[in-house]
Amino acid sequence: MAFLADALSRVKPSATIAVSQKARELKAKGRDVIGLGAGEPDFDTPDNIKTAAIDAINRGETKYTPVSGIPELRKAIAAKFKRENNLDYTWEQTIVGTGGKQILFNAFMATLNPGDEVIIPTPYWVSYPEMVALCGGTPVFVATTQANSFKLQPADLEKAITPKTKWFMFNSPSNPSGAAYTHAELKALTDVLVRHPHVWILTDDMYEHLTYGEFKFATPVEVEPSLYDRTLTMNGVSKAYAMTGWRIGYAAGPLQLIKAMDMIQGQQTSGATSIAQWAAVEALNGPQDFIPRNKKIFEGRRDLVVSMLNQAKGISCPVPEGAFYVYPSCAGLIGKTAPTGKVIETDEDFVSELLESEGVAVVHGSAFGLGPNFRISYATSEELLEEACRRIQRFCAACK
């Protein structure tokens with residue numbers, strides 16, 4: 001009898017975490033490495049949010065909380081959905097988890113049976129299919145193309161739906177591509193979903209506040225209210241509020257699903273950290289003026305990176321509408337020989353050779369289900385981004 005669970009054989013380690021760890025190890029050995037793998041803002045958590053956490057400690061808010069979150073935070077979440085997304089939820093229809101990952105995992109754990117299918121557009125965030133597999137479901141991948149700005153086409157969604165489809169996993173703006181769907185593009189997808197009442201929608205809106213130019217964010221059930229009873233809308237404070245380490249994600253949806261997720265969480269972690277929850281109350285209810293300031297900085301970084309990458313030999317980089325990632329193609333380098341003498345046969349070869357030759361750590365596109373591409377996080381200083389892009393240009397020029 002094997003000691004480890006069979007489910008582990010269906011799961012791969014997180015490529016984004018692995019790249020960040022590899023960069024840290026090389027730095028510890030004295031290598032000059034620029035790590036562009038982590039999806040984490042370099043801004044500090046705003047002072048008013050930190051103060052709210054300190055105040056909570058001083059008030060003694062350091063005990064266990066209700067499994068689904070403190071009422072003050074759940075009410076702030078319901079108010080946020082009403083204020084920003086035109087969605088009406090009671091606070092009992094919300095749930096707080098230890099980061100967005102736990103929200104997604106608990107939703108899958110509460111609903112998936114062996115043989116149930118989850119439609120996941122590619123490229124996808126690395127954890128989606130692994131969570132589905134761990135919970136006994138079957139990921140069904142639907143490819144997008146760079147020509148369509150990495151956006152799922154309605155006909156392809158229609159084709160992927162079967163009687164076994166349980167969920168459609170949706171992410172806009174997207175990690176890793178930065179693609180964001182307009183209201184009209186969303187309506188075309190929701191029109192398909194309306195025709196298939198057995199399919200539920202799990203939407204990851206974590207990058208909602210990070211869209212650029214004149215782009216206006218929308219979420220599926222806002223676009224198509226008839227999907228209300230079969231949509232779980234997930235979000236969190238990690239990205240827009242620079243609170244990655246606080247580990248607070250949240251969601252709202254049908255009460256039956258929320259109660260099922262609460263039951264799972266009650267046997268798993270119970271409530272999220274009390275202090276972080278009080279900080280999140282301030283994040284959602286307090287001043288929001290720093291968000292557009294941070295967005296403007298991210299937008300400048302995006303434009304810098306896209307411009308410099310498109311000057312690199314063999315690289316083609318589209319302009320994303322949101323998040324803080326670019327997802328360039330390295331197809332022009334496939335078949336070339338790197339400075340080490342190794343022939344670049346895949347996007348994974350490309351990122352390995354780039355790290356070895358120039359000390360720039362990025363994530364290969366095949367980890368996200370679509371290559372030959374690679375992901376760069378531009379959630380770091382312009383100085384580091386400019387230097388990293390110079391190194392990428394130099395590496396590409398050296399490939400023969």
Side-chain angles (χ1 to χ4, degrees), residues 36 38-58 61 69-70 72-87 94 96-97 99-100 171-175 178 180 204-219 233-252 272-273 275-305 320-326 376-386:
L36 301 179
E40 181 171 51
D42 58 329
F43 305 122
D44 196 13
T45 302
D47 287 342
N48 63 305
I49 298 173
K50 291 190 286 186
T51 299
I54 294 166
D55 290 345
I57 293 171
N58 290 333
E61 306 280 7
I70 59 175
E72 291 84 353
L73 179 52
R74 296 175 74 189
K75 289 174 182 176
I77 291 165
K80 175 263 183 258
F81 278 123
K82 178 64 175 175
R83 179 178 69 244
E84 297 182 353
N85 308 109
N86 303 308
L87 300 178
T94 67
V96 179
N171 177 214
S172 172
S174 161
N175 175 6
D204 177 350
D205 295 352
M206 192 64 76
Y207 296 91
E208 169 187 4
H209 291 297
L210 299 177
T211 61
Y212 308 115
E214 300 302 313
F215 188 91
K216 182 171 171 48
F217 175 83
T219 195
T233 302
M234 187 277 282
N235 211 315
V237 296
S238 297
K239 311 300 182 180
Y241 297 92
M243 293 176 67
T244 49
W246 298 79
R247 307 309 301 137
I248 295 292
Y250 60 81
T273 303
I275 298 154
Q277 289 192 58
W278 282 104
V281 171
E282 174 62 20
L284 295 180
N285 289 344
Q288 309 288 303
D289 56 332
F290 62 91
I291 293 178
R293 290 200 301 269
N294 290 353
K295 275 177 56 172
K296 198 66 182 171
I297 294 170
F298 278 135
E299 188 170 7
R301 294 172 178 178
R302 178 201 65 172
D303 294 345
L304 168 71
V305 170
E321 295 95 341
F324 39 64
Y325 308 107
V326 292
I376 284 179
S377 167
Y378 53 84
T380 191
S381 72
E382 282 200 13
E383 181 183 8
L384 281 177
L385 290 170
E386 194 168 349

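Quick caveat, the model's predicted, so the values are computed rather than measured.
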TODO: Keeping the roles fixed (side chain from R301, backbone from T380), state whether a donor-acceptor pair exists under 3.5 Å.
DONE: yes
Open item on the list: Using every non-hydrogen atom in the two residues, find where F43 and A242 come nearest and quote the distance to one decimal.
Closed with: O-CB, 3.5 Å
Task: Considering all heavy atoms, the nearest A280-I248 contact - done: CB-CG2, 4.0 Å
Open item on the list: D205 vs T219, test: side chain to side chain donor-acceptor pair (under 3.5 Å). Steps then yes/no.
Closed with: CA-CA 7 Å; D205 295 352; T219 195; 2.6 Å; yes
Open item on the list: Given 3.5 Å as the limit, does a donor-acceptor pair link the side chain of E84 with the main chain of K82, or not?
Closed with: no
- [ ] Show your reasoning for whether ring pair (Phe, Tyr, Trp, His ring centres under 6.0 Å) applies to F290 and Y241.
- [x] CA-CA 9 Å; F290 62 91; Y241 297 92; 5.8 Å; yes
Open item on the list: For A279 versus W246, what's the shortest heavy-atom pair and its separation?
Closed with: CB-CZ3, 3.5 Å
TODO: Could you tell me whether a side-chain N or O of E208 sits under 3.5 Å from a main-chain N or O of F217, the two making a donor and an acceptor?
DONE: no
- [ ] Indicate the atoms forming the closest heavy-atom contact of T244 with G39, along with that distance.
- [x] CG2-O, 4.5 Å
- [ ] Report the C-alpha distance between K80 and N285 in whole Å, list the side-chain angles of each, state the deciding distance to 0.1 Å, and finish with yes or no for side chain to side chain donor-acceptor pair (under 3.5 Å).
- [x] CA-CA 8 Å; K80 175 263 183 258; N285 289 344; over 6 Å; no
Open item on the list: With a 3.5 Å distance limit and no angle check, can you tell me whether K295 reaches the backbone of T211 through a side-chain donor-acceptor pair?
Closed with: yes
Task: Check: A323 main-chain N/O paired with Y212 side-chain donor or acceptor under 3.5 Å - done: yes
Task: Heavy-atom donor-acceptor pair, Q288 side chain to A283 backbone, under 3.5 Å - done: yes
TODO: Considering non-hydrogen atoms only, spot the tightest contact between L284 and R83 and give its length.
DONE: O-NH2, 3.1 Å
Open item on the list: Treating R247 as the side-chain partner and A272 as the backbone partner, does any N or O pair qualify as donor plus acceptor under 3.5 Å?
Closed with: no
Task: Side-chain donor or acceptor of N171 paired with backbone N/O of P173 under 3.5 Å - done: yes
Open item on the list: R74: which residues meet the side-chain hydrogen bond (donor to acceptor under 3.5 Å, both in side chains) condition with it, sequence neighbours left out?
Closed with: T94
